[in-house]
Amino acid sequence: MPQELIIFLIVLCLFFLFNIWRLVNKKRILLKHAIFWSFLTIAVMIATLTTKYLKIVSDFVGIQEVSNMIFLFGFLVLLVISFSLTTTVSKQKMSIVKLTQELALTNKRIEELKHEKSTKKV
C-alpha cells in the first residue's frame with residue numbers, strides 16, 4: 001500500500017476517533033456505542049499499518065486478494081451492527097408498549113378517582 005494512502009487513512013481514523021469522543025462529550029452518542037466504534041477504528045488503523053500480515057491471513061483463509069478479505073470483514077461487521085441495532089429496537093419497542101399500557105392504566109385510575117370524588121360531593 002502506498003505510504004500516502006497509509007498516512008491518509010491514519011489521519012482519517014484519528015479524525016473519526018476525535019469526532020466519536022466529541023459526540024460522547026455532547027451526549028449525542030452513548031458511551032457503549034462510542035467504545036465499539038473506537039475499537040473498530042483502532043482495528044482499522046492496525047490493519048492499515050500491518051498490510052503484510054493481512055496478506056498472510058488472507059492466504060491462510062484462502063482468499064486471493066486482501067481487498068476481498070477486507071470487504072468480507074466489513075460485511076461481517078455490518079451484520080453484527082445490524083443485529084445489535086435490531087435487538088436494541090426490539091427492547092425499546094417492548095418498553096414503549098409497557099409504558100403505554102402503564103400510562104393507560106394510570107389515566108384510567110385518575111379518571112376513576114375523579115369520578116369517585118365528584119360523586120361524593122353530590
Side-chain angles (χ1 to χ4, degrees):
M1 197 177 339
Q3 195 71 21
E4 295 84 13
L5 181 58
I6 292 173
I7 292 170
F8 175 74
L9 289 174
I10 296 297
V11 169
L12 191 65
C13 286
L14 291 173
F15 175 75
F16 191 67
L17 279 173
F18 172 76
N19 195 34
I20 289 170
W21 292 107
R22 188 177 60 82
L23 291 174
V24 168
N25 287 336
K26 289 185 175 184
K27 309 257 190 264
R28 296 187 65 200
I29 187 173
L30 293 175
L31 184 61
K32 71 178 186 176
H33 296 138
I35 291 171
F36 172 77
W37 285 109
S38 297
F39 281 137
L40 189 61
T41 305
I42 291 169
V44 169
M45 284 177 25
I46 292 171
T48 301
L49 295 172
T50 60
T51 53
K52 64 181 178 180
Y53 297 116
L54 287 178
K55 178 66 176 153
I56 294 170
V57 172
S58 67
D59 289 342
F60 178 76
V61 175
I63 299 173
Q64 293 179 358
E65 295 293 327
V66 175
S67 60
N68 290 342
M69 188 181 76
I70 291 171
F71 279 116
L72 176 64
F73 175 72
F75 177 72
L76 293 175
V77 167
L78 289 176
L79 278 177
V80 169
I81 292 170
S82 178
F83 185 73
S84 173
L85 290 175
T86 300
T87 57
T88 301
V89 167
S90 296
K91 287 178 187 177
Q92 288 177 347
K93 184 178 186 318
M94 289 185 281
S95 295
I96 289 171
V97 167
K98 183 178 177 184
L99 286 171
T100 304
Q101 291 170 345
E102 288 177 2
L103 180 63
L105 291 172
T106 303
N107 286 342
K108 181 181 178 192
R109 181 66 180 145
I110 290 171
E111 290 299 319
E112 288 173 355
L113 290 173
K114 285 181 182 177
H115 181 69
E116 288 176 14
K117 187 177 179 182
S118 64
T119 55
K120 285 183 180 180
K121 287 184 177 180
V122 174

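When side chains are defined from C-beta on, Glu102 counts as touching Leu99, because their heavy atoms get closer than 4.5 Å. At least one side-chain heavy atom of His115 sits less than 4.5 Å from a side-chain heavy atom of Thr119.
The two residues Thr51 and Thr48 come nearest to each other via the heavy atoms CG2-O, 3.5 Å.
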Only pairs under 3.5 Å count here: list side-chain donor-acceptor contacts from residues 5-25, not counting sequence neighbours, and write none if there are none.
| residue | atom | partner | partner atom | Å |
| --- | --- | --- | --- | --- |
| Asn19 | OD1 | Arg22 | NE | 3.4 |
| Asn19 | OD1 | Arg22 | NH2 | 2.7 |
| Trp21 | NE1 | Ser38 | OG | 3.3 |
| Asn25 | ND2 | Trp21 | O | 3.4 |

Just distance, no hydrogens or angles: give the donor-acceptor pairs under 3.5 Å from side chains in residues 54-62, sequence neighbours left out.
| residue | atom | partner | partner atom | Å |
| --- | --- | --- | --- | --- |
| Lys55 | NZ | Asp59 | OD1 | 3.2 |
| Lys55 | NZ | Gln64 | O | 3.4 |
| Ser58 | OG | Leu54 | O | 3.3 |
| Ser58 | OG | Lys55 | O | 2.9 |

Show me the donor-acceptor pairs within less than 3.5 Å that the side chains of residues 68-86 make with the rest of the protein, sequence neighbours left out.
| residue | atom | partner | partner atom | Å |
| --- | --- | --- | --- | --- |
| Thr86 | OG1 | Ser82 | O | 2.8 |

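Lys108 pairs by the side chain to side chain contact (heavy atoms under 4.5 Å, CB included) definition with Glu112, not counting sequence neighbours. Looking at residues two or more places apart in sequence or on another chain, you find a side chain to side chain contact (heavy atoms under 4.5 Å, CB included) between Ile110 and Thr106, Asn107, Lys114. Every side chain to side chain contact (heavy atoms under 4.5 Å, CB included) that Glu4 has, sequence neighbours left out, goes to Pro2.
Atoms CZ and CG, from Arg109 and Leu105 in turn, are 11.5 Å apart once rounded to the nearest 0.5 Å. Separating the NZ atom in Lys98 from the CD1 atom in Ile96 is a distance of 13.5 Å, to the nearest 0.5 Å.
Under the 4.5 Å side-chain heavy-atom criterion for Ile, Leu, Val, Met, Phe, Trp and Tyr, Ile29 and Ile35 are members of the same hydrophobic cluster.
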